[in-house]
Every structure is written in structure tokens, then in C-alpha cells.
Number of protein chains: 2
Amino acid sequence: MRIGEIAALVGVTSRAIRHYHHIGLLPEPGRRANGYRAYSVRDAVVLARIRRLTELGLGLDEVRDVLADDAGRELVEVLVELDADLARQENEIRERRRRLARLLDGPVSAEEVVSPALAELLGTAPATDSPMAAKDREHLVLLDTTGVGSEVYAALRPLAEDPAVHALYERLDALAAAPLDDPRIVPLAADMAAAVPDEVLAAIPSGGPVMTGFGQALLDDYAPAQAEVVRRVMAALAARVAGRGTG
Amino acid sequence: MRIGEIAALVGVTSRAIRHYHHIGLLPEPGRRANGYRAYSVRDAVVLARIRRLTELGLGLDEVRDVLADDAGRELVEVLVELDADLARQENEIRERRRRLARLLDGPVSAEEVVSPALAELLGTAPATDSPMAAKDREHLVLLDTTGVGSEVYAALRPLAEDPAVHALYERLDALAAAPLDDPRIVPLAADMAAAVPDEVLAAIPSGGPVMTGFGQALLDDYAPAQAEVVRRVMAALAARVAGRGTG
DNA sequence: AGAAACGTTGACGCAACGGCAGGGTCAAGT
DNA sequence: ACTTGACCCTGCCGTTGCGTCAACGTTTCT
């Protein structure tokens, strides 16, 4: 048989067969005078074995191992391991499909591909055109992705609907073009720090090199006066944590 | 933030981030004086979006498409398509696990990774040390892989337990070193052809270039006298088919 | 001052082939 | 005799999503 014939017989492509030769999975058969590979029935039998094993999901090197030792011992091991692997994959896929179903269930936007808990929290917050509120929502989405956020949603729920919080956002918005010595900075920082519940404060990872860099980047993200407010808020919160730690 | 910081924050590797830069999925941020990349919170938000989408199973170019158009329209399309794809994969995996379970259920050997129908047929055949019978079993396994065999198993079942068939194998074995003019060749061919049931004859794919090459390889697989028997059997069967075709 | 732990670009490796380039070979038709 | 079409050959690049060096500069801690 030529390569195309054995390929059609067994149901694989000639290209795959040459690949098996290349990696030493299937020995190269003899050649005819014209250089064509000349396959025997035995080659077809081996190739069929390879095909059945790969169709089960075995990798080519696993197939090689199985074909190598004549006994069926190793085969059982490999198959059991393979089944465990397939079971894992199946669970992964199911999990993804569950999340997909939840996403497609409600309204979908690019930003709302988040955990259901955060999706609900963002849903309860009233629509606003405050740039600072929008920024905060982005930060929440960010925290959600890192897995940090999931514990603070409950504590944040009452804040989302609180008109007082809305007012804080508006006061922060108003500082967009303010100078660094604006008199509204200090009291706003105090009010904002006071609005942060203890539960949220406790859940925020306080230290570490990562948070250092993140904190700096966070400040860079705001206008100068607004950044000053954020800085003071963070300082006040840090003081609260320290005070409780020693008190 | 430096690359390691944003990576730890979002939960991906720095290498992955550089990869995203390389393929244009995530824009390169500005650099510090020392050449380090300087990331902002906005970068982290985008990166987190990328991570969530890839975790759902989207490819990187699909992620790029989704991030490209601001509306969530395309996202829904992609997600629906993705879900269909995942469903397909899930079914594939389930099918493979079903076959695996069937295999691991009974005794497993490297050759017995075959369809359950053939496995049963091979099981009913009595153990024999006839080389020709072993060869025939290999050929059956080969046919099973190609999908041709599944229709003839029922017709072959009675033959598997027939002592007369066993005698035929032994007569063929006896010709291993016989000359081409051995007087046992002609009557053996006649008896073997007579033993092939009509149902099997009808199910064998008669023509085509593939079977031509296979037939030649099949003959090469036997000793000269045995090949002569096989040749005569095939000729007799072909005559039977032709006779019925015209009669 | 030296080491550890970051950062930079660049390139190869992976699984299982598909596809193409740039040839040679063979049987059949014109 | 010539051409067409269907094969065959070797060899190399592309795929996906990064991991893993290599070889080097920077920052930081001790």
C-alpha cells in the first residue's frame, strides 16, 4: 500500500502518518524503487491501534508508551489517569458554562462580566453621572477580579443606596480643577474616611509591596486636589487600623 | 505600578502581560526613566477585563474583538458561540469517558481497545494457537477501526465457535512452507470460500483503489502457498458476487 | 559591596498536525 | 509524444497562550 491508501483504509491523513514517522511513533516502512513508502498490513494494524488510542484522548507519547510494553498493565494505568483528567476537564467546562448561562441570563455589557454578587451590588446603586462614582465602580470591578472584593459587598450594600454617599462623590467631583490648598479638601477627607465601615476596612489588604505600587498608581489616577483627598483618606484609615491594633 | 505589581494585583503572570503587549491586545504603557513599564490603574482595569474574558474560555483575538467595540452587542454573539463550542466539547468528553468506562469495565489488553461488538465476538471465539487465526483476528480489529466491520459480526458469530472453521485454519497453517504447486491449495481454497456466508460477502467493500492496494498488501503478508490460497478464495468470492449480480 | 529580586529584549519550545513550496512519479487520455 | 491530474517526496512555517531560558541592566536589602 502507498501512504494514501493506508491512510484512507485506517481513516487518518497521510500528513498525520508522516508525522508519526517523524516522531518515531510508527516505524518507517520500506521504500519502493521510486521512493514511495510501501506499507504492509501489519503497519495498518499498528496504525489502527494508534488511531483508536488517540481517539480516546491519549497523547502521542502516551500512545508510544502503551505500544512499547506488550502487557496491558501500563495501558490500564494510563487509561485511569486519562479518565481522571477528562473528568477534571468536564468539570471545568461545566463551571464555565454555568457562569456563561448566568451572564447571558441578564443584561450583558463588557463591564458586567463579573461575579453575580458584584453585579447585584452595581445594580442596586442608582445611576449617576459622577465621574468619581464611575471610577469607583471600575475599582470595584478590579477588586472583584482579584477575588478580594467578595467579602466587602455586604458591607457596601447600604452605602450604594445612601444619598449621603452620593453627596460625597459630588464634593469630590467638584475638586477636579481645584488647587492643592483648597479648603474643601480636609473636611471632605474626614467625611469620606468616616463613611468607610469597619468591615470594609478590615477586609482591605493593608500592606505589602503590591499595594504600595497600587496605591501610588491610584493617586496618579486623580487630579491633584482629588489625589490629596484620597491620600488623606488613606492616611486616616491607616490610623484607624493602627489605633485598633494597639488599643 | 511595575509589571510584577500589576501582574500580582490582577492575578496573571508578567510574561502573559508582555505577551498581550506583543500581540497588541493590551497597549504598551509609558516607561520610567530606567526603561521599566509604568502601569496605571486604568491598565489594571483593562487587564482584569482581559483575564475575566479569557477565564471564560475566549481566545485572545476574540477578547480583542470584544474590547474593540464599546457596545456589548458583539460580546453576546461571542458568548453564545462560545457556549455552543463548550457544549460540543462537553459531549465529546462525555462520549470518550463512556468508551473508557466500558473498556475499564472488562479485561483490558492493548489489542482489545475495540468496539464492544467485536470484543464480544473475539471473546466467544475459542483460544487457539493457530497463527492464521491470530492474523485473522488482527484483520478484524483493523476492519473494526475503519468502521466496516460492525455489520458482519452477527454473521461471523456462528463461525467463531465452529470446529470446522478451526480445521480450516489448521489446514492453512500447514501450508506455511509448502510449494506453490502443493495439491492441498485448490481444495482448501474451495472449502474456505464455501465457508464465507452471503451476509459477510455482501458487506465487504468490493472495489475501489484503496481495496486494490490493501488486497496486494494482504497477499504479501502470507507465505507463498498461503497467499495462493487467499488469492483463489478472493477470486471465488468475486465470482460469487458477479454471478449473483447478473443472475 | 555583594547578593537577591526585580526589570529589559529576544528566541526557542510545546501538541498534533495543516498547509504550502518546489519538486518527482505514474496512469490515462489526446 | 505530450499533457493532465492524481499521487508521492522533503522541508519549513503557522497555529494557541504563554513557559522557560539567555544574557544583561536596575534596584534594594543587608
Subject >> Given B:Thr145, B:Leu121, B:Asp144, B:Val141, the one that forms side chain to side chain contact (heavy atoms under 4.5 Å, CB included) with B:Ser115 >> reply: B:Asp144
Original post:
With a 4.5 Å heavy-atom cut-off, do B:Tyr20 and B:Leu47 have their side chains touching?
Top reply: yes
**OP:** Measure the acute angle between the ring planes of A:His21 and A:Tyr39, then classify it against the limits of 30° and 60° as parallel, tilted or perpendicular.
**Re:** parallel
Original post:
Should B:Thr13 be listed as having a side-chain N or O under 4.0 Å from OP1 or OP2 of D:dG19?
Top reply: yes
**OP:** State whether the number of non-hydrogen atoms from other residues, nucleotides or ligands found under 6.0 Å of A:Glu55 atom CD is greater than 12.
**Re:** yes
Subject >> Length of the CD1-P vector between B:Ile6 and C:dG7, whole Å >> reply: 12 Å
**OP:** Send over the distance from A:Glu5 CD to C:dC26 P, rounded to a whole Å.
**Re:** 14 Å
Original post:
When the distance from CD1 of A:Ile23 to C1' of C:dC14 is rounded to whole Å, what number comes out?
Top reply: 13 Å
Subject >> Length of the NE2-P vector between B:His19 and C:dC12, whole Å >> reply: 17 Å
Subject >> Contact under 4.0 Å: A:Arg15 side-chain N or O vs D:dG11 OP1/OP2 >> reply: no
Subject >> Pairwise side-chain contact, B:Arg37 with B:Ile17, heavy-atom cut-off 4.5 Å (strictly under) >> reply: no
Original post:
Among C:dG18, C:dG24, C:dT9, which nucleotide sits nearest the side chain of B:Arg37?
Top reply: C:dT9
Original post:
Atom NE2 of B:His21 and atom P of C:dT9: how far apart are they, to the nearest Å?
Top reply: 9 Å
**OP:** Would you mind telling me which residue lines up with the more 5' stretch of DNA chain C, A:Asp61 or B:Ser14, judged by nearest nucleotide?
**Re:** B:Ser14
Original post:
Atom CD1 of B:Ile17 and atom C1' of C:dT8: how far apart are they, to the nearest Å?
Top reply: 15 Å
**OP:** Let me know the distance between CZ of A:Arg31 and P of D:dC7, rounded to the nearest Å.
**Re:** 19 Å
Original post:
Of B:Arg2 and B:Tyr20, whose closest DNA chain D nucleotide lies nearer the 5' terminus?
Top reply: B:Tyr20
Original post:
With sugar-phosphate meaning primed atoms plus P, OP1 and OP2, does B:Ile3 contact a base, only sugar-phosphate, or nothing at under 4.0 Å between heavy atoms?
Top reply: sugar-phosphate
**OP:** Using only side-chain N and O atoms of B:Asn34, determine if any of them is under 4.0 Å from OP1 or OP2 of D:dG25.
**Re:** no
Subject >> Gap between atoms CE and C1', on A:Met1 and D:dC7 respectively (whole Å) >> reply: 16 Å
Subject >> Nearest-neighbour nucleotide for the B:Tyr36 side chain, C:dG24, C:dA16, C:dC6 considered >> reply: C:dC6
